[in-house]
Every structure is written in structure tokens, then in C-alpha cells.
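For reference, the structure is listed below as C-alpha cells.
If you read the sequence from its start, that first residue is 1, and numbering goes on from there.
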Amino acid sequence: MPAMTTDIKPDDQTQRLVLITGPSGAGRSTAINVLEDLGYEAIDNLPLSLVPRLLDGPARPVPLALGLDVRNRDFSAANLIELIDRLTRLPAYEPEVLFLDCATEQLLRRFNETRRRHPLRSEGAPLDAILAERDMLAPIKARADVLVDTSELSPHDLKAELARWFDTEPGRRLTVSVQSFSYKRGVPRGVDTMFDCRFLANPHWEPSLRPLNGCDAAVQEYVAADSRFAEFFDRILELLLFVLPAHLEEGKAHLVIGFGCTGGQHRSVTMAEKMADALAKAGWQVSTRHRELERREKAPAPADDGQNASPRAVSA
């Protein structure tokens, strides 16, 4: 890349600038769209050599988000770090580097599912290109102001996470995400408050309920029949209705509430569904996610030998 000679002129007004990068397949395009929805002027796939020209002149009335990645021939870690350093020294700009990371095996799965070609791949397996890109981006990752691992994030989860950092009107609203999970697979990333449901009666031991999940009425009735359920539920709801306004007053934009059980299929899903419904009726903006049910949906279906009925489709 030729040396960048265009001067970036400082202005009296500080310009917020988010530089978005990370490995291909980690969700960079989704992040660009999210920031655009949050009020940013978003430009994707911009050559590094054109950034100074874009920023030359007075600050824009809205913050700016730029997607920078290996698809451009002048992209390199050294060139991007040079640009970051130049911008950091200028009082007219407030640059922030958002690095979207993702586990290698998850990136490989995404490329295999979409059958899209990796930008660095000319020949050979996608894994080679993924590893080469990861090595190339390592110095930039070390310079990131905000690092988000998207390995287990849905587009909705990514939007909520980015809103925490980049909302142009922080505190204007509080969105609540209620999630279920299995302790066997660990606590989900980003959970603010969680509750353990493993002491409740387990539908797993009822043969007729075992193949169902906590979205089913029969499972919910079974779990709710536990003599400890009602008080457990009511106390948590009372607590949340007390702390949610405080979080909103503090300026928090998103709160994640987790419910865990052994398998993440029955008790935690029941609690998450019922709690999300109660919070929504109380006027809060609520979404739900059932991590283990989503994981099973994505798993390849076993070959049908004609003797087993098709499994029930699960909606998260």
C-alpha cells in the first residue's frame, strides 16, 4: 500500500468513528447493519487508502462506522494499525476498533454451510485460509477497543451486545433477554444474572415428557406442579421488577437473565418462557433464547430407518 499522504483535518467537533474488522464469517456485515440501525453512517468494504479522503473535512452530524477487511488489496495489519495511530493522534476523531472474533471450528462450519468462498482461499481447504487470516489479524485484535466473540451469538444477540457499546442514545430503553441453558455446557457468555433450576422436579424422568421441552404445555404443567415452583418464580419476578428500573435509570441498554438446568431442555426452558411472558406483561421489551434447543435444531438429523417418528420441531 502506498504511503497515505492526504492529511485528515481536525475540526472543532469530535467525530465518533468505529472501525469494524475481524475474520471473515465472524459477523462483520451483520455488525455494519446493526450500527446503521443505531444511527451510524455505515460504509463497508472501504479500501484503507480511501479512508483519509473520506474523513477529510468537517465532522458529520452522525457517528461513522467503517467495515475494513481482507477483501481489499491494500489491507494489512500494519496499514490498519498505522491508520488507527494517525486517527488517535487527531482531536477531531474518536476512533474505536471493534473486533469481531469467532472460534475456528465455528468459522469453518459457517463457510461449509453457506458454501461461500473464503476471501483468502485460492486453492486448498477453507481451514488453511481461516488460519492464515487469523494470523494476519492477530496484531489488530490486540489493539481492539471492543472485542466481541460471536461463536455462540445469534444475530439478535449480536445486536444486543453491540447496542451496549455503541448505542447513540444510551439509556433510552432497556431490552431484556431471557435465556435457558445447560450447566453441562457451561454458562453462556454475557449473562448478567442467572438462576439455577436444578432443584425443581425433572420431567426427564417421565418417559412421556422426556422427548418434549419446556415450550410444551405438558412440561410446563409438570414443572409448575413442584411445590417449590410458585414461590421460586414469584420471588425472582419480584426481584427483577425491582432491579430493572434501576438498571434503566443507570443507563444500561440490555440485560441478560439466564436460567440453567442439567440438560437445558425442560426446567430452565419452562422458567425462561414463563418469566419472559411475565416481564412482557409488565411492560418490558423481552426476547427469549434457548441455547440447547437451538443447538439441537442445528445438529444434523439422524438417518430415518422408518421405525422412528420425526422429532418435534422446536421453536426458540
Side-chain angles (χ1 to χ4, degrees), residues 18-38 40 42-48 51 65-81 83-84 96-166 177 179 185-186 188-190 289 291-301 316:
V18 180
L19 306 176
I20 307 171
T21 192
S24 304
R28 187 182 54 255
S29 295
T30 300
I32 288 283
N33 294 333
V34 169
L35 290 184
E36 188 172 21
D37 291 341
L38 290 174
Y40 287 70
I43 304 174
D44 193 14
N45 197 20
L46 184 70
L48 293 181
V51 174
L66 304 180
L68 308 170
D69 60 81
V70 298
R71 290 174 293 173
N72 291 297
R73 60 185 178 183
D74 64 356
F75 183 91
S76 72
N79 289 337
L80 181 52
I81 289 175
L83 177 64
I84 295 169
E96 301 167 85
V97 179
L98 167 61
F99 192 96
L100 299 171
D101 201 9
C102 187
T104 298
E105 59 272 16
Q106 183 71 357
L107 289 174
L108 183 60
R109 185 182 69 80
R110 291 176 183 177
F111 274 102
N112 288 336
E113 286 181 350
T114 61
R115 299 185 179 180
R116 295 191 64 184
R117 185 175 183 177
H118 193 284
L120 293 183
R121 181 188 177 192
S122 56
E123 297 179 358
L127 179 59
D128 296 334
I130 291 172
L131 295 176
E133 184 181 31
R134 187 177 293 285
D135 290 341
M136 177 191 299
L137 297 177
I140 303 172
K141 179 179 178 180
R143 290 289 302 271
D145 297 291
V146 178
L147 176 63
V148 177
D149 190 326
T150 68
S151 302
E152 295 187 0
L153 298 184
S154 67
H156 174 82
D157 296 328
L158 179 56
K159 180 176 181 179
E161 183 66 20
L162 295 181
R164 293 187 184 194
W165 296 98
F166 302 108
S177 176
Q179 304 184 8
R185 296 193 61 242
R189 292 190 177 111
R289 181 192 179 195
R291 187 182 70 177
E292 315 314 332
L293 302 188
E294 292 176 4
R295 180 168 174 260
R296 289 163 191 162
E297 276 190 325
K298 295 176 182 177

**OP:** Return the minimal non-hydrogen interatomic distance between Ser29 and Asp44, and the atom names on each side.
**Re:**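 Heavy atoms of Ser29 and Asp44 come nearest at OG-OD2, 3.9 Å.
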Original post:
How far apart are the closest heavy atoms of Pro188 and Gln179, and which atoms are they?
Top reply: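 Minimum heavy-atom separation between Pro188 and Gln179: CB-OE1, 4.0 Å.
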Report yes if the side chains of [X] and [Y] come closer than 4.5 Å at any heavy-atom pair, otherwise no.
{"X": "Val146", "Y": "Val18", "value": "no"}
{"X": "Cys102", "Y": "Arg110", "value": "yes"}
{"X": "Val148", "Y": "Glu161", "value": "yes"}
{"X": "Phe75", "Y": "Thr21", "value": "yes"}
{"X": "Glu96", "Y": "Phe166", "value": "yes"}

Straight-line distance of [X] [atom1] to [Y] [atom2], nearest 0.5 Å:
{"X": "Leu80", "Y": "Asp69", "atom1": "CG", "atom2": "CG", "answer": "10.5 Å"}
{"X": "Leu98", "Y": "Asp145", "atom1": "CG", "atom2": "CG", "answer": "9.5 Å"}
{"X": "Gln106", "Y": "Ile130", "atom1": "CD", "atom2": "CD1", "answer": "10.5 Å"}

**OP:** Could you tell me whether the side chain of Asp37 and the main chain of Val34 form a donor-acceptor pair under 3.5 Å?
**Re:**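 Here the side-chain-to-backbone pair does not exist.
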Original post:
Are any side-chain N or O atoms of Thr150 and backbone N or O atoms of Asp101, one a donor and one an acceptor, separated by less than 3.5 Å?
Top reply: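 Confirmed, Thr150 side chain pairs with Asp101 backbone.
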Original post:
side chain to side chain contact (heavy atoms under 4.5 Å, CB included) with Ala142: which residues, sequence neighbours excluded?
Top reply: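 Here no residue qualifies.
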Original post:
Taking only residues two or more places apart in sequence or in another chain, which ones pass side-chain hydrogen bond (donor to acceptor under 3.5 Å, both in side chains) with Lys159?
Top reply: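 For Lys159 there are no side-chain hydrogen bond (donor to acceptor under 3.5 Å, both in side chains) partners, ignoring immediate neighbours.
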Original post:
Arg289 and Glu294: side-chain contact (heavy atoms from CB on, under 4.5 Å), yes or no, with the steps?
Top reply: CA-CA 8 Å; Arg289 181 192 179 195; Glu294 292 176 4; 2.9 Å; yes
Does the side chain of [X] come under 3.5 Å of the side chain of [Y] through a donor N or O and an acceptor N or O?
{"X": "Thr104", "Y": "Arg134", "answer": "yes"}
{"X": "Ser24", "Y": "Glu133", "answer": "yes"}
{"X": "Asn33", "Y": "Thr30", "answer": "no"}

**OP:** Go through Val51 and Leu19 one step at a time and tell me if the side-chain contact (heavy atoms from CB on, under 4.5 Å) criterion holds.
**Re:** CA-CA 11 Å; Val51 174; Leu19 306 176; 5.6 Å; no
Original post:
Excluding sequence neighbours, so at least two apart, what forms salt bridge (charged side-chain N to carboxylate O under 4.0 Å, His left out) with Arg185?
Top reply: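 Glu152, Glu292.
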